[in-house]
Amino acid sequence: MCDDCGCGQAHDHHHDHEHDHHDHGHSHKHNHEHAHDPHDDIQVQEVEVNTPIFAANDRIAERNRGFFAAHDLFVANIVSSPGSGKTTLLARTIELLAPDLRTGVIVGDLETDLDASRIRTTGAPVYQITTGQLCHLDAKMVAHAVKNLDMKALDLLMIENVGNLVCPAGFDLGENVRIVLLSVTEGEDKPLKYPPMFRFADAVVITKTDLSAYVDFNREKTIENILTVNPLASIFELSAKSGEGMKEWCDYLKNYAGQ
Amino acid sequence: MHEAGIIQSVLSVAEEKAQTSGATGITVIRLKIGTLTGVVEESLQHAFDVLKQGTLASRASLNVQYIHGSVFCSVCQKEFTTSDLLCICPVCGTPGHEIRSGMEMDIVSLDII
């Protein structure tokens, strides 16, 4: 080994130290006769980056996607405002799908494992992510959560995102479909007020239809507004409580997950 | 939107790039952000001013190029520009969903010392 720089080459090689030299220090080694802008002598270099801001999340999301595909697992990212009925819908869906599909669930909340506990009563494997302060799930959290579930024993994975109609739309988790819930109590103009989230959706599920009459739910206007923001969205109308519309929703999932 | 999270990601990428380039400081960070992402300029700048403290970018300025939304109307068969998140064609009123630009969120370059 060379004693001068520690490399493995023979002793007679040339040591070139240019690479250790930083230009910023030298400006203060000569005599100053006049005041000058300290930046004059500092060499500024422009470095190209050309990277998406969320490249790190996207990279992990793609890795998740590959992992799910390798296990023949269909994955749905379920998002909505807090209180739209995600947990109730998931629990009921799992029960109805049980003869045909094995479902696992990852739940995201800021605190508690109350949602996970409720879904666990169906017998499905559930993993709860508590995000602390973070208002959305990201690919890294999902990658970690997935290690706690036996993917080989599942056909369908539902990810119940944090209740939030804004932030989750920006974060790819590696899912196959994005489902946005909108309950009849939320008002028909929700899609117009939150375009990014509704545009992000592959399917919009209108929930709690059993309450429609009590809140003067305007069905036509709601559907019109959803399609204004996202003409390609599939739309489901259901009530997990009464069972109305649950068959069409379950058929949709069976159709995808069965492939 | 998620300006604090965006800035955290920006600083993370910028510092890593600066370190591998042998820099001791960053003076400018250039971003390209589409107006259809919903990012608010003031919030982004504020988040940057706060979060850059203690990083290689503590003296850096943030230079953002905002890209207008460009949406293709399938009825008119033409593109229209918009900053409105709803993307409704100003000519025929049809909602457009084919967004061709305006969703960018990129770190373009850094000035390092």
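Interatomic distance, B:Cys87 SG to A:Arg199 CZ, rounded to the nearest 0.5 Å: 4.0 Å. Here CG of A:Leu192 is found 7.5 Å from CD1 of B:Ile88. Values are rounded to the nearest 0.5 Å. Distance NZ/B:Lys17 to CG/A:Asn50: 9.0 Å, rounded to 0.5 Å.
A pairwise comparison of heavy atoms in A:Phe54 and B:Gly5 identifies CE2-O, 4.2 Å as the closest pair. Closest non-hydrogen pair, A:Ile53 versus B:Ser9, comes out as O-CB, 3.5 Å. Taking all atoms of both residues into account, the shortest heavy-atom contact from A:Pro231 to B:Pro95 is CG-O, 4.3 Å.
Heavy-atom neighbours of B:Arg59 CZ from other residues, nucleotides or ligands within 6.0 Å: at or below the threshold of 12. More than 12 heavy-atom neighbours from other residues, nucleotides or ligands sit within 6.0 angstrom of CD on A:Glu224. Counting non-hydrogen atoms of other residues, nucleotides and ligands closer than 6.0 Å to CD of B:Glu98 gives a total above 12.
Put simply, of A:Val229, A:Asn57, A:Leu232, the one with the most heavy-atom pairs under 4.5 Å next to chain B is A:Leu232.
No side-chain heavy atom of A:Val49 sits under 4.5 Å from any side-chain heavy atom of B:Val108. Put simply, the side chain of A:Tyr194 does not reach to within 4.5 Å of the side chain of B:Leu85, judged on heavy atoms.
At a 4.5 Å heavy-atom cutoff, the contact between B:Val13 and chain A is made by side-chain atoms alone. Heavy-atom distances place the side chain of B:Ile99, and not its backbone, under 4.5 Å from chain A.
The closest side-chain donor-acceptor pair between B:Ser109 and A:Glu46 falls under 3.5 angstrom.
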